Novice: 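Pasting in a structure now, in structure tokens, and then I'll have a few things to ask.
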Amino acid sequence: MQEILTLVQSPEAWVALVTLIVMEVVLGIDNLIFISILTNKLPAAHRVSARRIGIGLALIMRLALLGTIAWIVQLTQPVFEAFGHGFSWKDMILIAGGLFLVWKATKEIHHSVDPKDHAEDFIATSAINSFTAAIGQILLLDLVFSVDSIITAVGMTPHLPIMVAAVVVAVTVMLLAATPLANFIERNPTIVMLALAFLLMIGTTLIAEGMGFHVPKGYVYAAMAFSALVEGLNMMARNARLRKRAEKLH
């Protein structure tokens, strides 16, 4: 309690808290895109509850990981060396998560391009349509991002209460934004392909990070923001054409 009171009175602690919250929210964008695409494949009645349960369990998992922070930090120690790079458990987790994202995004893109190929439709015919499987995959991907963000957070502040507060606020923002984002993606089919391209890029970035190639996050998010802006302009142009066509008909 004394530590918390001291932190509340410290301007540096507030700066660290705000910085961590922003970082957690930005990193959460990747998760939200994946959750939106994943849960939109479920029956409509189950989508909101799947998002809430998945994100709620993700919060519990992140808080549990913070409780083992001393062990999490040790994940950066090299376990073996290959191709001139020392691979740690963190690297292997990032590579596994990246491969998972690339696989999912590739399968979804394939289905979007060729929806008649039901043999390749992993999402509509098998595990994705399962409520439990959807939540399990949300947690699986969140584990990858959680390990990365917690290790980054440790480098920014040594105070556990600040990390816990940042995680709670960021996950709350995710919970509030999940359904509006999923509904927006569902209403705009072209956004789905853009979101899948984002996931493909994020997966590739995770693999590169795991292999020892540092990719500045700013470049990745700048590319995503630029692509989203271009797609937004395309949507405005399409809506303008539709309005003009409707006016001519009347």
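Note that the structure is a prediction, hence the values are computed from the model and not measured. FYI, side chains are in, hydrogens and waters are out, and symmetry mates aren't considered; it's all heavy atoms of this structure.
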Novice: Nearest 0.5 angstrom please: K104 NZ to L99 CG, how far?
Specialist: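 Answer for the NZ-CG pair, K104 versus L99, is 14.0 Å.
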
Novice: Looking only at non-hydrogen atoms, find the nearest pair between A50 and I135 and report the distance.
Specialist: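 Distance-wise, the nearest heavy atoms are O-CG1, 4.1 Å.
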
Novice: What I want to check is whether the side chains of T39 and R51 have a donor and an acceptor closer together than 3.5 Å.
Specialist: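 There is such a pair between these side chains.
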
Novice: Out of curiosity, N183 CG to R187 CZ, how far, rounded to the nearest 0.5 Å?
Specialist: 6.0 Å

Novice: CG/L139 to CD1/I53 distance, rounded to the nearest 0.5 angstrom?
Specialist: 10.5 Å

Novice: Is it the case that one hydrophobic cluster holds both L140 and L38, taking links as side-chain heavy atoms less than 4.5 Å apart, direct or via other members?
Specialist: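 Linked, L140 and L38 end up in one cluster.
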
Novice: Working to the nearest 0.5 Å, report the span between CG of L194 and CD of E231.
Specialist: 6.0 Å

Novice: List the atom of A105, the atom of L196, and the distance in Å for their closest heavy-atom pair.
Specialist: CB-O, 3.7 Å

Novice: Taking a hydrophobic cluster as the set of Ile, Leu, Val, Met, Phe, Trp and Tyr residues connected by side-chain heavy atoms closer than 4.5 Å, whether directly or through intermediates, do I207 and F213 fall within one such cluster?
Specialist: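 Same cluster: I207 reaches F213 through Ile, Leu, Val, Met, Phe, Trp or Tyr contacts under 4.5 Å.
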
Novice: I'd like to know if the side chain of D91 reaches the main chain of M211, judged simply by a donor and an acceptor atom lying under 3.5 Å from each other, with no hydrogens or angles considered.
Specialist: no

Novice: Look at the side-chain heavy atoms of Ile, Leu, Val, Met, Phe, Trp and Tyr, link any pair under 4.5 Å apart, and say whether M61 and L141 land in one connected group.
Specialist: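 Linked, M61 and L141 end up in one cluster.
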
Novice: Honestly curious: do L176 and I35 fall in one hydrophobic cluster under the side-chain, below-4.5 Å linking rule?
Specialist: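 As far as the 4.5 Å side-chain criterion goes, I35 and L176 are not connected within one cluster.
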
Novice: So with a 6.0 Å cut-off around CZ of R238, is the heavy-atom count from everything else above 12?
Specialist: yes

Novice: Looking at every heavy atom in both A58 and D142, which two are closest together, and how far apart are they?
Specialist: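 Residues A58 and D142, closest heavy atoms: CB-OD2, 3.3 Å.
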
Novice: Side chain to side chain contact (heavy atoms under 4.5 Å, CB included) between L101 and I202: does it pass, once the steps are laid out?
Specialist: CA-CA 8 Å; L101 264 186; I202 293 164; 3.8 Å; yes

Novice: Looking at every heavy atom in both F198 and S227, which two are closest together, and how far apart are they?
Specialist: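 Minimum heavy-atom separation between F198 and S227: CE2-CB, 3.8 Å.
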
Novice: When rounded to the nearest 0.5 angstrom, what distance separates CZ in R47 from CG in L42?
Specialist: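 Going from CZ on R47 over to CG on L42, the span is 7.5 Å.
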
Novice: Supply the atom-to-atom distance L59 CG to R62 CZ, rounded to the nearest 0.5 angstrom.
Specialist: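 Going from CG on L59 over to CZ on R62, the span is 8.5 Å.
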
Novice: Walk me through whether L206 and I95 qualify under side chain to side chain contact (heavy atoms under 4.5 Å, CB included).
Specialist: CA-CA 6 Å; L206 289 177; I95 291 172; over 6 Å; no

Novice: Verify whether one side chain among K90 and Q77 offers a donor that lies under 3.5 Å from an acceptor in the other.
Specialist: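 No donor-acceptor contact under 3.5 Å links the two side chains.
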
Novice: Any chance you could lay out the side chain to side chain contact (heavy atoms under 4.5 Å, CB included) test for V79 and F87, step after step, and finish with the verdict?
Specialist: CA-CA 6 Å; V79 178; F87 288 87; 6.0 Å; no

Novice: Starting from L181, can I reach V48 by hopping between I/L/V/M/F/W/Y residues whose side chains sit under 4.5 Å apart?
Specialist: no

Novice: Please name the pair of heavy atoms, one in V168 and one in T172, separated by the smallest distance, quoted to 0.1 Å.
Specialist: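 Looks like O-OG1, 2.7 Å.
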
Novice: For S36, does its backbone N or O pair with a side-chain atom of N40 as donor and acceptor, under 3.5 Å?
Specialist: yes

Novice: Does M193 form a side chain to side chain contact (heavy atoms under 4.5 Å, CB included) with I109? I'd like the steps, not just the answer.
Specialist: CA-CA 7 Å; M193 190 61 71; I109 291 173; 4.0 Å; yes

Novice: Should we say atom OH of Y219 is surrounded by more than 12 heavy atoms from elsewhere, each under 6.0 Å from it?
Specialist: no

Novice: Check whether any side-chain heavy atom of F100 sits under 4.5 Å from a side-chain heavy atom of F34, and report yes or no.
Specialist: yes

Novice: Which pair of heavy atoms, one from I21 and one from A166, lies closest together, and at what distance?
Specialist: CG1-CA, 3.7 Å

